[in-house]
Amino acid sequence: VEVCCRNYFGWPESRSNSDLKWRLFALARGLSLPAPQPFRAPYIPGITVLIPHYGETIVMSKSELFDHGGHDESRKSEVRFGCFQMRVRETVPLIDWLRARYSDEYRAFSNRMEARGDWPSGVPWAEYEDRHWEQIRIWASMRMQTLWRTVAGMCLYHPALQAHFEAQKVGGSVLAREDVWNPSDCFTCLVSMQIYKQFNRSKLSET
């Protein structure tokens, strides 16, 4: 699988990306397992995915990703550089760690945002405006244990069903007509928010 990706998809550096290599190995192992007989659209059994939610993070907030309290003297320590002594932060913002951990993905994300228009790439986080942070929060949430990531991942089943329908539908079926077929008839993602009544305004906007 890795050789195929390098030769046909232009990924000459795939071995240097540990995440990509792990995903390719997982795909290769999955392809070696015995596969059950697939269903053909529109005769696909319905499935409902129930996702319980209590107090887990829905979407990463700006304050969680970039702490403006970084200038708090209690969070700094004395460091000496030669004859100079200065106070530096003991921790780094979470968004810096995410950008370093997923450097390739952040670079692609930043390039997409720059292509769309006004995007302050390469500037300190404090100079990003709220409209920029809305996009950064979504990008970061897709790489953390958040409800947003869980729901977004499960809802990929919709385009997968549609692709299956377009490629292998039973043409003679009345249910396969364009004005009848709907992936939502086969798949439902249900989120059970157990403390919805106690949500504040911020949580409600994220929901």
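Predicted, not measured: the structure shown is a model, and the values here were computed from it.
- Taking every heavy atom of both residues into account, Asp185 and Val180 meet most closely at OD2-O, 4.1 Å.
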Inset, instruction - Walk me through it: do Arg143 and Glu105 pass the test salt bridge (charged side-chain N to carboxylate O under 4.0 Å, His left out)? - result: CA-CA 10 Å; Arg143 285 146 189 88; Glu105 297 177 26; 2.6 Å; yes
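- One N or O on the side chain of Ser205 and one on the backbone of Ser202 form a donor-acceptor pair closer than 3.5 Å.
- When all heavy atoms of Arg149 and Ser141 are compared, the closest pair comes out as CB-O, 3.5 Å.
- A salt bridge links Arg137 with Glu134: the closest approach of a Lys/Arg side-chain nitrogen to an acidic carboxylate oxygen falls below 4.0 angstrom.
- When the shell of 6.0 Å around CZ of Arg201 is examined, it contains 12 or fewer heavy atoms from other residues, nucleotides or ligands.
- For the 3.5 Å distance criterion, the side chains of Thr207 and Tyr196 fail to qualify, holding no donor opposite an acceptor.
- From Leu98, atom CG reaches atom OH of Tyr102 across 7.0 Å, with rounding to the nearest 0.5 Å.
- Within 6.0 Å of CD in Gln145 there are 12 or fewer heavy atoms belonging to other residues, nucleotides or ligands.
- Under the 6.0 Å cut-off for aromatic ring centres, Trp22 and Phe25 do not qualify, their centroids lying 6.0 Å or more apart.
- To the nearest 0.5 Å, atom NE2 of residue His53 and atom OG1 of residue Thr146 are 9.5 Å apart.
- The CD atom of Gln135 sits 9.5 Å away from atom CZ of Arg112, with the distance rounded to the nearest 0.5 Å.
- Atoms CD and CH2, from Glu166 and Trp181 in turn, are 10.0 Å apart once rounded to the nearest 0.5 Å.
- The aromatic rings of Trp133 and Phe66 sit parallel, their planes meeting at an angle under 30°, below the 60° perpendicular limit.
- Both Leu65 and Met144 are members of a single hydrophobic cluster when ILVMFWY side chains are connected at heavy-atom separations under 4.5 Å.
- Between Phe187 and Cys189, some side-chain heavy-atom pair lies under the 4.5 Å cut-off.
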Legend entry - Thr57/Glu64 under side chain to side chain contact (heavy atoms under 4.5 Å, CB included): CA gap, chis, key distance, verdict: CA-CA 10 Å; Thr57 301; Glu64 291 174 318; 4.1 Å; yes
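- Residues Met193 and Phe199 share a closest heavy-atom pair of SD-CE2, 3.7 Å.
- A pairwise comparison of heavy atoms in Ala41 and His164 identifies N-NE2, 3.5 Å as the closest pair.
- Listed here is the closest heavy atom pair of Phe165 and Ala176: CZ-O, 3.2 Å.
- Expressed to the nearest 0.5 Å, how far OH of Tyr128 lies from CD1 of Ile136 amounts to 5.5 Å.
- Cluster annotation: Ile58 and Val49 are assigned to the same hydrophobic cluster (Ile/Leu/Val/Met/Phe/Trp/Tyr, side-chain heavy-atom contacts under 4.5 Å, transitive).
- No continuous path of hydrophobic side-chain contacts links Ile47 to Leu50 [ILVMFWY only; heavy atoms under 4.5 Å].
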Inset, instruction - Apply the test side chain to side chain contact (heavy atoms under 4.5 Å, CB included) to residues Tyr157 and Cys186: give CA-CA distance (whole Å), side-chain angles for both, the deciding distance (0.1 Å), then the verdict. - result: CA-CA 10 Å; Tyr157 202 63; Cys186 304; 5.8 Å; no
Legend entry - Candidate pair Ile44 and Leu161, rule side chain to side chain contact (heavy atoms under 4.5 Å, CB included), full reasoning: CA-CA 9 Å; Ile44 298 177; Leu161 284 172; 3.7 Å; yes
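- A single hydrophobic cluster is seen to contain both Trp139 and Trp119, as judged by linkage of ILVMFWY side chains at heavy-atom distances under 4.5 Å, directly or through other members.
- Tyr54 and Leu204 fall within the same hydrophobic cluster, defined by Ile, Leu, Val, Met, Phe, Trp and Tyr side-chain heavy atoms under 4.5 Å apart, directly or through other members.
- In this structure, the separation between NZ on Lys169 and OH on Tyr43 is 12.5 Å, given to the nearest 0.5 Å.
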Legend entry - Full working for side chain to side chain contact (heavy atoms under 4.5 Å, CB included) between Asp96 and Trp125: CA-CA 9 Å; Asp96 280 332; Trp125 296 115; 2.6 Å; yes
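- Between the side chains of Glu206 and Trp148, no donor N or O sits under 3.5 Å from an acceptor N or O.
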